[in-house]
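For reference, the structure is listed below as structure tokens.
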Amino acid sequence: MHLYLIGYRGTGKSSTGRVLAQLLNRPFHDADVVLEATANMTIAQIFAEYGEADFRNRETATLLTLAQQTDAVIATGGGVILREENRELLRTTGFVVWLKASAETLWERIHRDATTAERRPNLTDRGGLLEVQQMLQMREPYYRSTAHFEIDTEALSPEALAANILTAWNSSMKCL
Ligand code: S3P
């Protein structure tokens, strides 16, 4: 069973994933980083040159590759839940955790992250807080239906999030 982290940009999937991997003594994979290394391009370049549909195909292929590797902690891109086949693969090959925060908090975090502009393309013509609000509204049903466990990240450090996630995972295993 993999431990998958899903959620919008800025929810702390990578930082929490690294802590979890250390605690579990497992490899950590950031699916976006693997995708970029495979393509030898940034995500922003892939969007600009080939378009979003091509990026989504690469995202599915990356997920499939990672799912076949030994048990790991895997941070996924924020839009991975858009495809039914990805949602199915996530749920059937691991424990899926949805990291949540309000649109305002996410926009604040995304805005502050210096790598956002060069690595992460806008997902609509608008960008900004409005984009985050619209995307969250559209995606929330998918995040919710894919996740085995959801957790609010507003007030918790990556270490505290990791501890809560491990507790939830352990108790879900006892229920099996
Ligand atoms: C995307 C989120 C990004 C990356 C790509 C598309 C999205 O990942 O996969 O820019 O559709 O929300 P992060 O959530 O890691 O930023």
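Ligands are counted one by one from 1 in listed order, and the atoms in each one are counted from 1 as well. By convention here, the first residue in the shown sequence is residue 1.
Shown in contact with Lys13 at under 4.0 Å from a heavy atom are these atoms of ligand 1, numbered in order with element: 13 (P), 14 (O), 15 (O). Listed by atom number, the atoms of ligand 1 under 4.0 Å from Ile43 heavy atoms are 4 (C), 5 (C), 10 (O).
Between Trp98 and Tyr143, the two ring planes are parallel [angle under 30°; tilted spans 30° to 60°].
What sits closest to atom 13 (P) of ligand 1 on the protein, heavy atoms only, is Asp32 OD2, 3.4 Å. Nearest non-hydrogen protein atom to atom 16 (O) of ligand 1 is Arg120 NE, 2.8 Å.
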Would Ser102 and Glu154 satisfy side-chain hydrogen bond (donor to acceptor under 3.5 Å, both in side chains), going step by step from the backbone distance to the final call?
CA-CA 8 Å; Ser102 70; Glu154 298 269 352; 3.1 Å; yes
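Under 4.0 angstrom from ligand 1, there are no non-hydrogen atoms of Glu52. Counting heavy atoms under 4.0 Å from ligand 1, residue Met135 does not touch it at all. Under 4.0 angstrom from ligand 1, there are no non-hydrogen atoms of Val80. Only the side chain of Arg139 comes within 4.0 Å of ligand 1, judged by heavy-atom distances.
Side-chain atoms of His2 do not come within 3.5 Å of backbone N or O of Thr93 as any donor-acceptor pair. At distances below 3.5 Å, at least one donor-acceptor pair connects side-chain atoms of Thr153 with backbone N or O atoms of Lys100.
Side-chain contact of Thr38 with Arg58: a donor-acceptor pair under 3.5 Å is absent, judged by distance alone.
Here the options are Leu66, Leu5, Val96, Leu90, the test is side-chain contact (heavy atoms from CB on, under 4.5 Å), and the partner is Thr76; only Leu90 passes.
Shortest non-hydrogen contact noted between Phe28 and Ser14 is CZ-O, 3.7 Å. Residues Arg109 and Ala101 come closest through the heavy atom pair NH1-CB, 4.2 Å.
No N or O atom of Gly7 sits closer than 3.5 Å to an N or O atom of ligand 1. On a distance-only criterion, Arg9 and ligand 1 share at least one N/O pair closer than 3.5 Å.
The shell of residues lying under 4.0 angstrom from ligand 1, judged by heavy atoms, includes Arg56.
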